[in-house]
Amino acid sequence: MNIRERLKDKKRIVIKIGSSSLTHAETGRLNLTKMEILVRELSDLHNQGKDIVLVSSGAIAVGSRVMGIDRKPNSVSEKQACAAIGQARLMMIYQKLFSEYNQTAAQVLMTKNTMVDNLNRQNAKNTFKELLHMGAIPIVNENDTISTYEIEFGDNDNLSAVVAALIGADLLILLSDIDGLFTDDPNANPNARFIEVVETIDDTLLGMGKSSTGSNVGTGGMATKLSAATIATSAGADMVIANGKDFHIIHKIISGRNHGTLFLANAKEEFYLIDYIEKLL
Ligand code: GLU
């Protein structure tokens with residue numbers, strides 16, 4: 001059996017969308033056509049009986065455009081204000097689009113602190129469980145309006161892996177502006193080879209991750225994606241990194257077609273989420 005076929009049977013899926021996949025490169029404003037496709041793809045998976053969680057970036061990028069700021073905010077308070085504005089705008093659009101397909105979207109905002117604290121973590125876990133039981137589609141982001149350097153995840157790649165581990169997801173899909181994992185930076189090295197499947201994440205592989213991100217929105221580079229892959233696969237989920245330029249790729253991935261890099265689950269018996277979160281500090 002083709003190893004990709006196993007993706008057809010996934011029951012609980014976390015999908016992470018980066019800011020650059022949600023906005024027009026030229027203006028930084030929301031790409032509504034793409035958002036519509038995203039919501040339709042997720043609604044259809046939900047209609048197939050799968051639990052769906054969306055981790056969406058974009059709060060800061062959207063908020064700054066709303067306020068006419070044409071660059072990444074530079075102070076913490078400016079970033080937090082932009083996030084407050086942009087997060088509400090994002091959710092308004094998601095609510096509208098999901099309701100067109102008879103789906104209920106729910107907002108969950110997290111910080112690293114909530115995940116490290118035992119009581120908060122348990123609460124978050126219970127809330128996700130209840131939301132999925134009710135048939136809602138949780139839309140998760142970092143709580144950028146209150147998180148500062150000490151308490152933030154800082155990027156949604158790791159946040160989405162933590163969510164996948166917390167809720168016992170069996171698949172995490174990271175969609176960004178890259179096709180997947182290469183042996184080297186494909187923009188700099190023409191001999192860089194594409195890696196289709198990763199069975200184990202070892203030091204050589206971690207060395208291939210470059211921490212830079214090509215886009216001027218969002219924060220995650222390849223290093224954060226590999227760190228996310230370590231968390232997700234150790235928790236027992238498969239993970240796919242693929243290009244989010246066309247969100248139709250979501251059903252293609254889940255129907256077992258060859259898209260992106262697939263990291264195979266490698267569940268660790270003694271997996272303890274806090275250990276992984278603390279390593280992110
Ligand atoms: N939480 C940030 C936002 O919504 C994005 C973080 C990231 O791009 O990874 O703007």
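It should be emphasised that the depicted structure is a prediction, and the values quoted were computed from it without experimental measurement. Both counts, for ligands and for their atoms, begin at 1 and track the order of listing.
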Under 3.5 Å, sequence neighbours excluded: what are the donor-acceptor pairs made by side chains of residues 239-250?
{"from": "Asn243", "atom 1": "OD1", "to": "Lys245", "atom 2": "N", "distance (Å)": "2.9"}
{"from": "Asn243", "atom 1": "ND2", "to": "Asp179", "atom 2": "OD1", "distance (Å)": "2.8"}
{"from": "Asp246", "atom 1": "OD1", "to": "His248", "atom 2": "N", "distance (Å)": "2.9"}
{"from": "Asp246", "atom 1": "OD1", "to": "His248", "atom 2": "ND1", "distance (Å)": "2.8"}

Looking at Tyr276, does the NZ or CZ of Lys279 lie under 6.0 angstrom from its six-membered ring centre and within 45 degrees of the ring axis? yes

Residue part near ligand 1, for Asn141, under 4.0 Å between non-hydrogen atoms: side chain

How does Asn156 reach ligand 1, by side chain, by backbone, by both or by neither, if only non-hydrogen atoms under 4.0 Å count? both

Output the list of atoms in ligand 1 that are nearer than 4.0 Å to some heavy atom of [X], sorted by atom number.
X      : answer
Ser57  : 4 (O), 5 (C), 7 (C), 8 (O), 9 (O)
Asp155 : 9 (O)
Ile60  : 3 (C), 10 (O)

Is any N or O atom of [X], backbone or side chain, closer than 3.5 Å to an N or O atom of ligand 1?
X      : result
Ser56  : no
Ala61  : no
Glu142 : no

State, yes or no, whether a side-chain contact exists between Ser160 and Leu174 at a heavy-atom distance under 4.5 Å. yes

Does the Lys112 side chain pair with the main chain of Ile277, one donor and one acceptor, at a distance under 3.5 Å? no

Between Asp170 and Lys10, does any side-chain N to carboxylate O distance fall below 4.0 Å? no

So for Gly58, does at least one of its heavy atoms come nearer than 4.0 angstrom to any atom of ligand 1? yes

When you check the side-chain N and O atoms of Thr111 and Thr114, is any donor under 3.5 Å from an acceptor? yes

side-chain contact (heavy atoms from CB on, under 4.5 Å) with Asp238: which of Leu262, Asn266, Ile173? Leu262

